[in-house]
Student: 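Okay, handing you the structure first.
What's counted below: heavy atoms across the whole structure, side chains too, no hydrogens, waters or symmetry copies. These figures come from a predicted structure and were not determined experimentally. Counting starts at 1 for both ligands and their atoms, following the listed order.
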Amino acid sequence: MAQRQDSVTEAYLGRTQRSQALYKHALELMPGGTTRSTTFYTPNPAYIAKGEGCYVVDIDGNRLIDFLNNYTSLILGHAHPKVVEAVTAQVQLGSAFAAPTEREVRLAELIGARVKSVEQIRFANSGTEATMFAMRLARAHTGRPKIAKFEGGYHGTHDYALVSTSPSLDAAGADDRPEVVLDSPGVPPATAAQVVVLPFNDRDATAAIVRAHKDELAGIIVEPVMGAGGIIAPRDDFLGFLRQITRDHGMLLIFDEVISLRLAPGGAQELYGVTPDLTTMGKIIGGGFPVAAFGGRADVMAFTDARRSGALAVPHGGTFNGNPVGTAAGIATLELLTPDVYARLNQLGELVRQRLNDLFARRREKAQAIGVGSLFNIHFTAGEIRNYRDVARSDRARMKRFHLALLNHGVMLAPRGMGAISTPMREAEIEALVAAVDEALTDTRP
Ligand SMILES: Cc1ncc(COP(=O)(O)O)c(C=O)c1O
């Protein structure tokens with residue numbers, strides 16, 4: 001095994017020599033040589049020179065099919081002409097003002113027309129900010145201090161989000177009673193007392209935990225389809241159950257649709273027919289730029305109304321909120337995303353899962369491709385995947401080698417095996433993915 005493992009790394013090092021040199025230099029300047037935890041992997045990341053449609057080219061000249069799409073955000077692929085045109089026009093008019101613009105109003109209109117639960121919206125720059133404000137609004141509205149989230153759920157990098165996103169199974173406690181595990185030193189220990197952790201797709205356990213904290217819980221935040229946790233779909237109307245239990249106990253239901261908004265014009269809430277009180281968004285709504293948003297019930301969103309003061313006001317500053325360049329890109333992107341486009345993306349996603357699962361079966365691999373619509377995730381386990389723990393028990397060491405092997409065969413996926421479809425992709429790219437996976441499976445055979 002060590003022999004094969006080395007050959008994958010050797011091949012990777014052989015084709016990324018310029019990246020290695022830049023990485024060594026970058027290490028002197030930035031801890032770990034990158035500025036984003038998720039763009040780092042060993043032995044060194046490939047530094048990208050440019051993107052074209054659904055391809056990226058690294059600084060060594062390797063051309064890769066980009067199934068990662070900046071972690072699912074580039075739904076139109078790279079440098080779509082309409083987005084480039086909209087952004088260029090705006091940059092020439094100025095890139096940021098200490099004033100609102102028509103752009104933010106137009107993007108608000110577009111999102112509000114599609115995402116039915118969004119009566120009012122505010123823009124931010126990252127999903128992290130969006131979930132931080134949504135949680136704060138839930139506390140402000142209910143006057144209760146705690147937020148419940150799911151084990152394995154990812155909501156960004158603020159203190160309340162960095163809880164039990166990827167706990168070690170040794171520390172995670174019983175399946176039906178997950179421990180609250182802080183993910184990072186530096187998160188205030190007091191955070192653990194303010195966050196309640198729930199097991200995804202487990203109604204009974206979730207109901208018991210929620211009831212135990214019912215008078216202190218302001219709301220539940222959930223990714224309708226678990227994203228970073230492994231693209232895990234909700235089962236047996238789990239979202240409908242969350243809607244009911246939050247309503248019963250006077251809590252807010254927050255859907256974190258930063259990733260799942262790409263599943264339908266109205267997001268996963270449209271797909272599953274469940275209406276949250278608040279929704280957080282990011283990724284695709286910025287058309288490749290840092291735009292995020294939180295929106296929902298007008299009476300809750302009203303806390304951010306600058307005409308308010310005192311105990312009725314949640315200040316929402318942000319130097320680049322509603323930035324005209326980002327919102328121009330977001331408008332151009334959403335205008336191109338008609339219902340037919342979502343349908344085509346979702347069909348291609350389905351094709352990926354089918355073709356990969358056929359391949360795994362033919363090769364008798366303990367692996368599976370799961371997901372919803374245009375989102376997919378490969379996992380090295382034959383067992384059923386319902387929640388974070390099922391993924392945590394998969395063969396993650398093989399996934400790591402497999403990711404590198406796929407790069408060697410010209411395909412970029414997330415190191416954890418996640419991928420997404422973008423509009424420039426055709427069946428040819430899906431076939432190329434399947435061929436690359438076949439080779440990478442051979443390269444990493446246990
Ligand atoms: C569901 C979800 N919420 C929030 C975030 C945080 O977004 P950002 O990285 O823009 O801060 C992410 C990022 O991947 C996400 O997937």
Student: Under 6.0 Å from the ring centre and within 45 degrees of the ring axis: does the NZ or CZ of Arg136 meet both conditions for the six-membered ring of Phe133?
Tutor: yes
Student: Taking only heavy atoms of Gly156, which atoms of ligand 1 are found under 4.0 Å from at least one of them?
Tutor: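 Checking each atom against Gly156, I get 4 (C), 5 (C), 6 (C).
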Student: I'd like to check whether His155 has a polar contact with ligand 1, where a contact means an N/O of the residue lying under 3.5 Å from an N/O of the ligand.
Tutor: no
Student: With heavy atoms under 4.0 Å as the rule, classify the contact between Tyr154 and ligand 1 as side chain, backbone, both or neither.
Tutor: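 For Tyr154, the contact with ligand 1 is made by both the backbone and the side chain.
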Student: Quick check on contacts: which atoms of ligand 1 are under 4.0 angstrom from a heavy atom of Asp256?
Tutor: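 Per the distance check, 1 (C), 2 (C), 3 (N), 4 (C).
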Student: Any N or O of Lys283 that comes nearer than 3.5 Å to an N or O of ligand 1?
Tutor: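 So ligand 1 has an N or O lying under 3.5 Å from an N or O of Lys283.
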Student: Looking just at side-chain N and O atoms, do Asp159 and Thr191 make a donor-acceptor pair shorter than 3.5 Å?
Tutor: no
Student: Would Asn125 and Asn321 satisfy side-chain hydrogen bond (donor to acceptor under 3.5 Å, both in side chains), going step by step from the backbone distance to the final call?
Tutor: CA-CA 6 Å; Asn125 304 282; Asn321 288 358; 3.3 Å; yes
Student: Could you list which atoms of ligand 1 come closer than 4.0 Å to a heavy atom of Glu223?
Tutor: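 Once the distances to Glu223 are compared, the set is 1 (C).
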Student: I want to know if ligand 1 touches Thr131 in the polar sense, i.e. an N/O pair below 3.5 angstrom.
Tutor: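 No, there is no polar N/O contact under 3.5 Å.
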Student: Are His403 and Tyr12, when compared by the centres of their aromatic rings, separated by less than 6.0 Å?
Tutor: no
Student: Give yes if a backbone or side-chain nitrogen or oxygen of Gly127 is under 3.5 Å from a nitrogen or oxygen of ligand 1, and no if not.
Tutor: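 Gly127 vs ligand 1: N/O contact under 3.5 Å present.
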Student: For atom 16 (O) of ligand 1, which of the options Leu261, Val291, Ile259, Thr38 provides the nearest non-hydrogen atom?
Tutor: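 The residue whose heavy atom sits nearest atom 16 (O) of ligand 1 is Ile259.
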Student: Tell me, with the steps shown, if Gln244 and Asp248 meet side-chain hydrogen bond (donor to acceptor under 3.5 Å, both in side chains).
Tutor: CA-CA 6 Å; Gln244 194 56 50; Asp248 289 348; 3.0 Å; yes
Student: So, is the end of the Arg308 side chain (NZ or CZ) under 6.0 Å from the ring centre of Phe303 and within 45° of the ring's axis?
Tutor: yes
Student: Please check if a non-hydrogen protein atom sits closer than 4.0 Å to atom 7 (O) of ligand 1.
Tutor: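 Given the 4.0 Å cut-off, atom 7 (O) of ligand 1 counts as touching protein heavy atoms.
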Student: May I ask you to check whether Thr131 and Asp256 show a side-chain donor-acceptor distance below 3.5 Å?
Tutor: no
